Amino acid sequence: ADAAIAEVRALMAGSLPSPVLGRALLVGGVTDLVRGHAQRRDRQPRALYRETIKGAADKFFAAEEVLVASLGEVNESSMYTHGNLAELYFGDVRNLQQGLRHRS
């Protein structure tokens with residue numbers, strides 16, 4: 001997924017915001033979230049897990065920014081970015097306030 005997302009980013013560089021790029025970043029965030037959960041489950045170093053989870057959050061925020069710019073503030077794909085950010089904040093960061101009110 002990382003290579004595909006990098007390719008989409010390269011292809012879209014200099015273009016107007018695109019739902020294709022937004023959804024690619026969303027998929028990348030989900031990939032990082034799952035990867036982080038596997039790292040935690042496998043008891044890999046906590047610093048690695050935290051770095052991976054931060055990368056997921058960064059991709060979700062970037063996805064949301066692109067999706068809003070390309071599709072408007074109310075769009076179907078944003079439900080997924082908000083749902084995944086809520087899961088990240090509730091389950092990984094363990095911060096109820098941020099989970100309820102995450103903003104980019």
Side-chain angles (χ1 to χ4, degrees):
D2 295 336
I5 293 159
E7 185 175 349
V8 170
R9 279 184 156 165
L11 289 170
M12 303 300 291
S15 300
L16 293 173
S18 163
V20 172
L21 176 58
R23 291 181 189 122
L25 291 167
L26 173 59
V27 169
V30 172
T31 300
D32 283 353
L33 189 61
V34 170
R35 188 178 292 147
H37 292 166
Q39 291 166 342
R40 182 177 60 194
R41 181 195 64 230
D42 295 343
R43 300 181 190 273
Q44 293 186 18
R46 182 149 174 84
L48 178 62
Y49 160 74
R50 291 173 59 101
E51 180 180 322
T52 302
I53 293 301
K54 182 186 179 310
D58 290 344
K59 285 185 179 106
F60 290 141
F61 283 122
E64 183 62 9
E65 184 177 327
V66 172
L67 291 168
V68 168
S70 62
L71 296 172
E73 201 163 308
V74 179
N75 68 80
E76 182 179 4
S77 295
S78 287
M79 292 187 311
Y80 298 102
T81 58
H82 288 289
N84 281 292
L85 276 167
E87 177 187 346
L88 184 147
Y89 281 117
F90 288 152
D92 296 290
V93 178
R94 300 195 187 274
N95 186 313
L96 180 62
Q97 286 296 94
Q98 282 183 300
L100 293 173
R101 297 188 294 167
H102 52 267
R103 283 281 188 218
S104 52

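Note that the structure is a prediction, hence the values are computed from the model and not measured.
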- Task: Apply the test side chain to side chain contact (heavy atoms under 4.5 Å, CB included) to residues L25 and R9: give CA-CA distance (whole Å), side-chain angles for both, the deciding distance (0.1 Å), then the verdict.
- Result: CA-CA 9 Å; L25 291 167; R9 279 184 156 165; 3.1 Å; yes
- Query: Considering all heavy atoms of both residues, which atom of S70 and which atom of P17 are nearest to each other, and what is their separation?
  - Reply: CB-O, 3.4 Å
- Query: Mind checking whether L67 and V30 sit in one hydrophobic cluster, side chains of I, L, V, M, F, W, Y counted as touching below 4.5 Å?
  - Reply: no
- Over 12 foreign heavy atoms within 6.0 Å of CZ, R40: yes
- Single-linkage hydrophobic cluster V8~V68, side-chain heavy atoms < 4.5 angstrom: no
- Give the C-alpha distance, both sets of side-chain angles, the deciding distance and a yes or no for side chain to side chain contact (heavy atoms under 4.5 Å, CB included) between E64 and L26. CA-CA 8 Å; E64 183 62 9; L26 173 59; over 6 Å; no
- Closest non-hydrogen atom pair between A57 and L88, with its separation: N-CD1, 3.8 Å
- Item | Verdict with reasoning, I53 to L33, per side chain to side chain contact (heavy atoms under 4.5 Å, CB included) | CA-CA 6 Å; I53 293 301; L33 189 61; 3.8 Å; yes
- Query: Between M12 and S18, which heavy-atom pair has the shortest distance, and what is it?
  - Reply: CE-CB, 3.1 Å
- Side-chain (S78) to main-chain (V74) donor-acceptor, under 3.5 angstrom: no
- Which pair of non-hydrogen atoms, one from T31 and one from A1, has the smallest distance, and what is that distance? OG1-CB, 3.5 Å
- Verdict with supporting geometry, F60 and D32, side chain to side chain contact (heavy atoms under 4.5 Å, CB included): CA-CA 10 Å; F60 290 141; D32 283 353; over 6 Å; no
- Is there a path from I5 to V66 through hydrophobic residues (I, L, V, M, F, W, Y) whose side chains come within less than 4.5 Å of each other? yes
- Task: Any chance you could measure R43, atom CZ, to R41, atom CZ, to the nearest 0.5 Å?
- Result: 11.5 Å
- If you take all heavy atoms of G29 and A56, which pair is closest and at what distance? O-CB, 3.4 Å
- Query: R50 versus D92: any side-chain heavy-atom pair under 4.5 Å?
  - Reply: no
- Item | hydrophobic_cluster_shared for V20 and Y80, side chain cutoff 4.5 Å | no
- Is there a donor-acceptor pair under 3.5 Å between the side chain of D42 and the backbone N or O of Q44? no
- Minimum heavy-atom distance G28-K59, with the two atoms named: C-CD, 3.5 Å
